Novice: 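Before we start, here is the structure in question, set down as structure tokens.
All figures in this text were calculated on a predicted structure; none of them were measured in a lab. Quick note: residue numbers are just sequence positions, from 1.
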Amino acid sequence: MGSSGAEEKAEADMVRQAKTEDLVIVAGLAVQMWKEPSMQELIEEFSEIMLKNDGVFFLKYDKEQPVGFAQCQLRHDYVEGTDSTPVGYLEGIFVHEEFRRKGYAEELLKECEKWAKAKGCTEFASDCELGNDNSLQFHLAAGFTEANRVICFRKEL
């Protein structure tokens, strides 16, 4: 028995956990969001995260094209506004601009939350930079509540 057209479409539009062989795809999406690390630095960092088994990456596909990703990890240190440990933490989420407002980021987030719950987490947290209104609106719409606002400073000595 062959697969139906609906099954093929569902498979082409899926969210799935990234594997080691997907590192270039994940890093290629991440470098569009985080301008600072290079593609190679991200590949190396993400490879280490995958090996430690306390972090995960999910990829969202639209018609077999990777259009978004999410990274979440377990945080064992104090996380602002939480009372438990470990806490599932959304480290980053990105969807190509032309694929936004289709619910893809929410699909990625749901997979992160399921993963964290399966790892024993009872809380899930995230952050965004002050002034990143798109990220703030996404988090609020996804059910997060604001725990605090922080501005961090640094200077070279």
Side-chain angles (χ1 to χ4, degrees), residues 15-20 22-62 65-157:
V15 172
R16 71 169 176 80
Q17 187 171 333
K19 301 176 182 134
T20 306
D22 298 316
L23 280 170
V24 171
I25 295 169
V26 174
L29 291 164
V31 80
Q32 295 176 62
M33 180 175 61
W34 295 313
K35 306 295 184 204
E36 198 56 39
S38 72
M39 177 94 160
Q40 188 57 42
E41 289 170 325
L42 287 171
I43 290 170
E44 291 169 14
E45 178 184 334
F46 292 172
S47 177
E48 287 178 32
I49 290 168
M50 283 184 174
L51 288 174
K52 289 181 184 173
N53 202 31
D54 67 347
V56 67
F57 300 87
F58 290 99
L59 287 166
K60 170 63 183 170
Y61 287 83
D62 183 294
Q65 175 187 354
V67 298
F69 90 102
Q71 174 191 358
C72 62
Q73 289 184 226
L74 299 179
R75 291 219 179 161
H76 298 276
D77 53 335
Y78 174 71
V79 174
E80 188 76 41
T82 65
D83 297 316
S84 63
T85 189
V87 171
Y89 203 88
L90 182 65
E91 301 289 346
I93 191 164
F94 172 81
V95 175
H96 279 290
E97 193 166 341
E98 62 269 25
F99 294 94
R100 293 181 186 162
R101 305 232 180 264
K102 295 183 174 197
Y104 292 176
E106 289 84 357
E107 289 179 48
L108 288 161
L109 177 60
K110 293 261 185 263
E111 290 301 317
C112 290
E113 291 170 346
K114 283 196 288 189
W115 176 85
K117 193 170 186 175
K119 293 285 188 178
C121 298
T122 59
E123 294 180 281
F124 196 82
S126 183
D127 63 49
C128 71
E129 293 182 0
L130 288 174
N132 187 342
D133 292 332
N134 289 336
S135 183
L136 174 62
Q137 292 308 313
F138 165 76
H139 282 86
L140 294 174
F144 285 94
T145 56
E146 189 173 315
N148 197 2
R149 288 196 175 220
V150 177
I151 298 174
C152 301
F153 296 95
R154 71 166 292 278
K155 69 178 184 178
E156 291 187 27
L157 298 176

Novice: Between K52 and Q73, is there a side-chain heavy-atom distance shorter than 4.5 Å?
Specialist: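 Q73 does not reach K52 side chain to side chain.
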Novice: Could you state the interatomic distance from NE2 (H139) to OG (S126), rounded to the nearest 0.5 Å?
Specialist: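 H139 atom NE2 to S126 atom OG measures 2.5 Å (nearest 0.5 Å).
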Novice: For K110, does the NZ atom have more than 12 heavy-atom neighbours from other residues, nucleotides or ligands under 6.0 Å away?
Specialist: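 Not more than 12 within 6.0 Å, no.
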Novice: Any chance you could lay out the side chain to side chain contact (heavy atoms under 4.5 Å, CB included) test for D22 and F69, step after step, and finish with the verdict?
Specialist: CA-CA 11 Å; D22 298 316; F69 90 102; over 6 Å; no
Novice: To the closest 0.5 Å, what do you measure between CG (L109) and CZ (F58)?
Specialist: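 CZ of F58 is found 10.5 Å from CG of L109.
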Novice: About how many Å separate CG of D133 and CD of Q137, when rounded to the nearest 0.5 Å?
Specialist: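 Rounded to the nearest 0.5 Å, the CD-CG separation comes to 7.0 Å.
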Novice: Check A105 against V95 and note the closest heavy-atom contact, atom names and distance.
Specialist: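 So the minimum-distance heavy-atom pair works out to N-CG2, 3.9 Å.
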Novice: What distance separates L74 CG from W115 CH2, expressed to the nearest 0.5 Å?
Specialist: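 Reported value, rounded in 0.5 Å steps: 4.0 Å.
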Novice: Are P86 and K119 close enough that some pair of their side-chain heavy atoms sits under 4.5 Å apart?
Specialist: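 Side-chain contact under 4.5 Å: no.
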Novice: Can you give each donor-acceptor pair under 3.5 Å made by side-chain atoms of residues 39-46, sequence neighbours left out, with the distance rounded to 0.1 Å?
Specialist:
unit_1: Q40; atom_1: NE2; unit_2: E44; atom_2: OE2; d: 3.3
unit_1: E41; atom_1: OE1; unit_2: S38; atom_2: N; d: 2.7
unit_1: E41; atom_1: OE1; unit_2: S38; atom_2: OG; d: 3.3

Novice: Could you check I25 against K19 for side chain to side chain contact (heavy atoms under 4.5 Å, CB included), going step by step and ending with a plain yes or no?
Specialist: CA-CA 10 Å; I25 295 169; K19 301 176 182 134; over 6 Å; no
Novice: Would you say E36 has more than 12 foreign heavy atoms packed within less than 6.0 Å of its CD?
Specialist: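 Atom CD in E36 is not packed in, count stays at 12 or less.
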Novice: Just wondering, more than 12 heavy atoms not from E97 lying within 6.0 Å of its CD?
Specialist: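 It does not: E97 CD has 12 such atoms or fewer within range.
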Novice: Which heavy atom of V26 sits nearest a heavy atom of F57, and at what distance?
Specialist: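 In this case the closest contact between V26 and F57 is CG1-CD2, 3.6 Å.
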Novice: Report the C-alpha separation of L90 and E113 in whole Å, then their side-chain angles, then the decisive distance to 0.1 Å, and conclude whether the side chain to side chain contact (heavy atoms under 4.5 Å, CB included) test is met.
Specialist: CA-CA 9 Å; L90 182 65; E113 291 170 346; over 6 Å; no
Novice: Is K114 salt-bridged to E111, going by a charged N under 4.0 Å from an acidic O?
Specialist: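 Looking at K114 and E111, the cut-off is met.
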Novice: Say you draw a straight line from CG of L29 to CD of Q71; how long is it, rounded to the nearest 0.5 Å?
Specialist: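 Those atoms lie 12.5 Å apart.
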Novice: Quick one: does C128's side chain get under 4.5 Å of F138's, heavy atoms only?
Specialist: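 No, their side chains stay 4.5 Å or more apart.
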Novice: Please determine whether side chain to side chain contact (heavy atoms under 4.5 Å, CB included) holds for the pair C121 and V87, giving the CA-CA distance in whole Å, both sets of side-chain angles, and the decisive distance to 0.1 Å.
Specialist: CA-CA 6 Å; C121 298; V87 171; 5.6 Å; no
Novice: Using the six-membered ring wherever Trp is involved, compare the ring planes of Y104 and F99 and label them parallel, tilted or perpendicular (cut-offs 30° and 60°).
Specialist: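 Plane angle under 30°, so parallel.
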Novice: Does anything in residues 67-96 pair up under salt bridge (charged side-chain N to carboxylate O under 4.0 Å, His left out), and if so which pairs, sequence neighbours excluded?
Specialist: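 Non-adjacent pairs meeting salt bridge (charged side-chain N to carboxylate O under 4.0 Å, His left out): R75-E91.
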Novice: Report yes if the side chains of F94 and R100 come closer than 4.5 Å at any heavy-atom pair, otherwise no.
Specialist: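 When only atoms from C-beta onward are counted, R100 and F94 do touch, with a gap below 4.5 Å.
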Novice: Please report the interatomic distance CG(D54) to CD1(I49), rounded to the nearest 0.5 Å.
Specialist: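 Atom-to-atom, D54:CG and I49:CD1 are 8.0 Å apart.
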